[in-house]
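Below: one structure, written as structure tokens.
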Amino acid sequence: MYTQSFNVPDSPGLKSVPVAPSTENPELQARFDSRIDADGKIEPQDWMPEAYRKTLVRQISQHAHSEIVGMLPEGNWISRAPSLKRKAILIAKVQDEGGHGLYLYSAAETLGTSRDQMLDGLHSGKAKYSSIFNYPTLNWADVGVVGWLVDGAAIMNQIPLCRCSYGPYARAMIRVCKEESFHQRQGYEALLVMMKGTAEQKAMVQDAVNRFWWKCLAMFGPPDADSAHSVQAMRWGIKRISNDDLRQKFIDATVPQAKVLGVTLPDPDLKWNEERQHHDYGQIDWDEFWSTVNGNGPCNKERLATRVKAHKDGQWVRDAALAYSRKQQTKTTKEAA
Ligand SMILES: [Fe+2]
Ligand SMILES: [Fe+2]
């Protein structure tokens with residue numbers, strides 16, 4: 001999954017980068033600028049301004065963290081899926097998210113930051129991840145809604161990233177987006193089945209939509225006017241579409257889907273505006289968003305504790321893999337001698 005526009009600052013220690021263009025080396029800077037202006041790709045071996053590098057490390061690592069923390073709310077439901085078919089689909093989806101994390105950590109590593117450094121940032125609570133995963137999945141309908149709306153919002157955010165100016169990130173996103181599309185459709189299909197069921201099942205779907213709708217709108221990040229990093233990220237070809245424009249696209253795409261599904265989106269101000277040719281919508285609670293981003297959501301502590309425990313429990317696997325790799329290297333060296 002997922003992004004919250006990926007331009008929220010990390011906590012002190014992994015602080016956001018200066019937005020002024022680099023003056024480190026005017027000649028290399030000019031070459032970099034012209035490549036960006038021509039819509040070309042920047043590759044790991046190319047010179048790049050330090051601020052561009054740091055912005056990408058922050059964005060890609062926040063994205064990677066979101067993928068692996070995003071495995072947790074849905075992973076909770078693997079053992080409680082209502083049928084073998086749904087269990088197999090959910091296992092595949094959660095596994096995909098782990099894979100997305102791996103592609104993204106690898107892409108960030110090409111910028112010179114190690115995976116250990118990035119994971120330290122996550123485990124110490126300094127690095128951010130998408131705030132949506134700090135909310136609980138209370139019942140099976142939540143799993144469907146996460147697929148439909150959370151993965152749906154992720155796709156909207158991530159498709160423009162396939163054209164990101166940094167080559168390894170852009171290429172990783174192509175495969176990620178294809179898989180996110182499957183995630184979105186499996187969620188929507190699961191909900192369609194529930195909406196053909198009992199009154200109780202229909203009420204569960206509506207309740208899940210009510211709880212997730214506003215949080216999904218906040219996933220696109222703060223309004224453009226409050227989004228300090230966005231202008232520079234757009235100049236660098238990292239970000240292609242503004243937070244508010246992406247949010248609007250998501251709302252316009254989702255309203256007809258909600259109608260087909262037979263649920264109401266919980267916003268009395270949501271209506272088609274003929275003049276704008278878009279839907280108008282109500283106020284997002286940004287205080288709640290920032291409070292959750294800053295560690296005070298209902299599941300922040302639980303998510304972090306689960307991640308830290310998983311990392312500690314996996315230490316012996318990393319040790320064994322390293323020992324094996326060293327053994328192989330020694331063997332190869334001896335054979336070559
Ligand atoms: Fe994902
Ligand atoms: Fe996903």
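Counting starts at 1 for both ligands and their atoms, in listed order. In what follows, every heavy atom counts, from backbone to side chain, and hydrogens, waters and symmetry copies are set aside.
- Between the side chains of R235 and Q232, no donor N or O sits under 3.5 Å from an acceptor N or O.
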Exercise. Could you walk me through whether V263 and W148 pass the side chain to side chain contact (heavy atoms under 4.5 Å, CB included) test, one step at a time?
Key: CA-CA 13 Å; V263 293; W148 173 38; 4.1 Å; yes

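- Atom ND1 is the N/O/S atom of H183 found closest to the Fe ion (ligand 2).
- The side-chain contact (heavy atoms from CB on, under 4.5 Å) check on D226 picks up P222, P223, with sequence neighbours excluded.
- Summary: OE2 is the N/O/S atom of E180 found nearest to the Fe ion (ligand 1).
- Within D151, OD2 is the N, O or S atom that lies nearest to the Fe ion (ligand 2).
- Annotation: angle subtended at the Fe ion (ligand 1) by H100 ND1 and E97 OE1 is 100°, to 10°.
- Counting only N and O atoms by type, the side chains of H65 and Q62 include no donor and acceptor under 3.5 Å apart.
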